[in-house]
**Student:** 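The structure follows.
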Amino acid sequence: MASKKAGNKRQRGAQKSCSNVFSMFEQCQIQEFKEAFGCIDQDRDGVIKKQDLRETYGQLGKLNVKDEELDEMLNEGKGPINFTVFLTLFGEKLNGTDPEDTILAAFKLFDPNGTGFVNKDEFKRLLMNQADKFTAEEVDQAFSVAPIDVAGNIDYKSLCYIITHGDEKEES
């Protein structure tokens with residue numbers, strides 16, 4: 001009896017931890033993803049494996065897919081790709097955000113002393129003059145949610161959290 005209760009408790013905990021991914025989409029979108037998952041999960045076992053991908057590609061007319069290419073796709077899931085993982089991967093791709101640790105690593109390049117902060121003015125200059133150049137309006141929009149202290153430093157750890165999880169102020 002006690003083990004059954006413990007099992008139920010674990011199950012509810014697991015369900016709760018993955019429920020956030022379902023809140024990213026409308027119910028009709030989740031249904032569409034479920035149909036797509038079903039098309040890819042060729043053997044209908046609830047997990048997408050290399051053979052499922054190979055057969056799906058074959059149905060689409062691409063017969064010579066390299067193992068490395070399939071492995072790379074499967075490795076994005078960092079484990080078995082069930083429907084929840086599948087949905088999470090698409091959520092990340094559609095929202096255009098990298099995982100939090102990737103964004104943190106990028107900010108750390110601008111923080112050689114490991115303070116957890118980058119100077120707002122210096123960062124603005126970089127955003128407006130490097131790679132995909134931001135406009136002043138785009139920088140202002142990005143900084144509108146950034147936690148900036150009185151000295152003009154951005155708390156990039158908090159900003160990374162906001163980028164990947166949303167801003168509580170927006171959701172209220």
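Since this is a predicted model, take the numbers as computed values, not measurements.
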**Student:** Give me the one residue out of Phe22, Phe83, Phe25 that meets ring-ring contact (aromatic ring centres under 6.0 Å, His included) with Phe33.
**Tutor:** Phe25
**Student:** Which value, rounded to the nearest 0.5 Å, describes the distance between Leu126 atom CG and Lys133 atom NZ?
**Tutor:** 12.5 Å
**Student:** Please report the closest heavy-atom contact between Ser158 and Asp155, naming both atoms and the distance.
**Tutor:** OG-OD2, 2.8 Å
**Student:** Contact between Ile103 and Lys157 at the side-chain level, heavy atoms closer than 4.5 Å - yes or no?
**Tutor:** no
**Student:** Judged by atom type as modelled, is there a donor-acceptor pair below 3.5 Å linking the side chain of Asp111 to the main-chain atoms of Gly116?
**Tutor:** yes
**Student:** Are Phe143 and Ile154 side-chain neighbours, meaning at least one heavy-atom pair lies under 4.5 Å?
**Tutor:** yes
**Student:** Could you walk me through whether Tyr57 and Leu63 pass side chain to side chain contact (heavy atoms under 4.5 Å, CB included), step by step?
**Tutor:** CA-CA 7 Å; Tyr57 269 113; Leu63 303 174; over 6 Å; no
**Student:** With the 4.5 Å side-chain cut-off for hydrophobic clustering, are Phe110 and Phe117 part of the same group?
**Tutor:** no
**Student:** Would you call Lys66 and Asp71 a salt bridge, taking side-chain N to carboxylate O under 4.0 Å as the test?
**Tutor:** no
**Student:** Centre-to-centre under 6.0 Å for Phe107 and Phe123, is that the case here?
**Tutor:** yes
**Student:** Would you say the side chains of Gln31 and Gln27 form a donor-acceptor pair under 3.5 Å?
**Tutor:** no
**Student:** For Phe90 and Phe86, I'd like to know if the aromatic rings sit close, meaning centre-to-centre distance below 6.0 Å.
**Tutor:** yes
**Student:** List the atom of Ile81, the atom of Met73, and the distance in Å for their closest heavy-atom pair.
**Tutor:** CD1-O, 4.2 Å
**Student:** So do Ile162 and Pro147 actually touch side chain to side chain, heavy atoms under 4.5 Å?
**Tutor:** yes
**Student:** Any salt bridge between Lys62 and Glu69, counting N to O under 4.0 Å?
**Tutor:** yes
**Student:** Where do Lys120 and Asn153 land on the side chain to side chain contact (heavy atoms under 4.5 Å, CB included) test, with the steps shown first?
**Tutor:** CA-CA 5 Å; Lys120 177 186 85 161; Asn153 294 310; over 6 Å; no
**Student:** Is it the case that more than 12 heavy atoms not belonging to Glu122 sit under 6.0 Å from its CD atom?
**Tutor:** yes
**Student:** So, Asn82 side chain and Thr84 main chain: donor-acceptor pair closer than 3.5 Å or not?
**Tutor:** yes
**Student:** Please answer whether the main-chain N or O of Asp43 pairs with a side-chain N or O of Asp52 as donor and acceptor at a distance below 3.5 Å.
**Tutor:** yes
**Student:** Glu55 vs Gln59, test: side chain to side chain donor-acceptor pair (under 3.5 Å). Steps then yes/no.
**Tutor:** CA-CA 6 Å; Glu55 289 175 27; Gln59 289 177 350; 5.9 Å; no
**Student:** How far apart are the closest heavy atoms of Val139 and Lys124, and which atoms are they?
**Tutor:** CG1-CG, 3.5 Å
**Student:** Would you find more than 12 non-hydrogen atoms of other residues, nucleotides or ligands less than 6.0 Å from Glu72 atom CD?
**Tutor:** no
**Student:** Before you tell me yes or no, could you show the steps for Gln42 and Lys49 under side chain to side chain contact (heavy atoms under 4.5 Å, CB included), namely the whole-Å CA-CA distance, both residues' side-chain angles and the distance that decides it to 0.1 Å?
**Tutor:** CA-CA 9 Å; Gln42 297 283 315; Lys49 294 179 291 308; over 6 Å; no
**Student:** Can you tell me how far apart NZ (Lys34) and CG (Asp41) are? Round to the nearest 0.5 Å.
**Tutor:** 12.5 Å
**Student:** Determine whether Val47 and Ile40 fall in the same hydrophobic cluster, where Ile, Leu, Val, Met, Phe, Trp and Tyr are linked whenever their side-chain heavy atoms lie under 4.5 Å apart.
**Tutor:** no
**Student:** Is any side-chain heavy atom of Gln141 closer than 4.5 Å to one of Glu137?
**Tutor:** no
**Student:** Would Met128 and Thr135 satisfy side chain to side chain contact (heavy atoms under 4.5 Å, CB included), going step by step from the backbone distance to the final call?
**Tutor:** CA-CA 6 Å; Met128 293 178 69; Thr135 65; over 6 Å; no
**Student:** State, yes or no, whether a side-chain contact exists between Val65 and Leu53 at a heavy-atom distance under 4.5 Å.
**Tutor:** no
**Student:** With a 4.5 Å heavy-atom cut-off, do Arg54 and Lys50 have their side chains touching?
**Tutor:** yes
**Student:** Can you tell me how far apart CZ (Phe37) and CD1 (Ile48) are? Round to the nearest 0.5 Å.
**Tutor:** 4.5 Å
**Student:** Quick one: does Gln29's side chain have a donor or acceptor within less than 3.5 Å of a partner on Glu26's backbone?
**Tutor:** yes
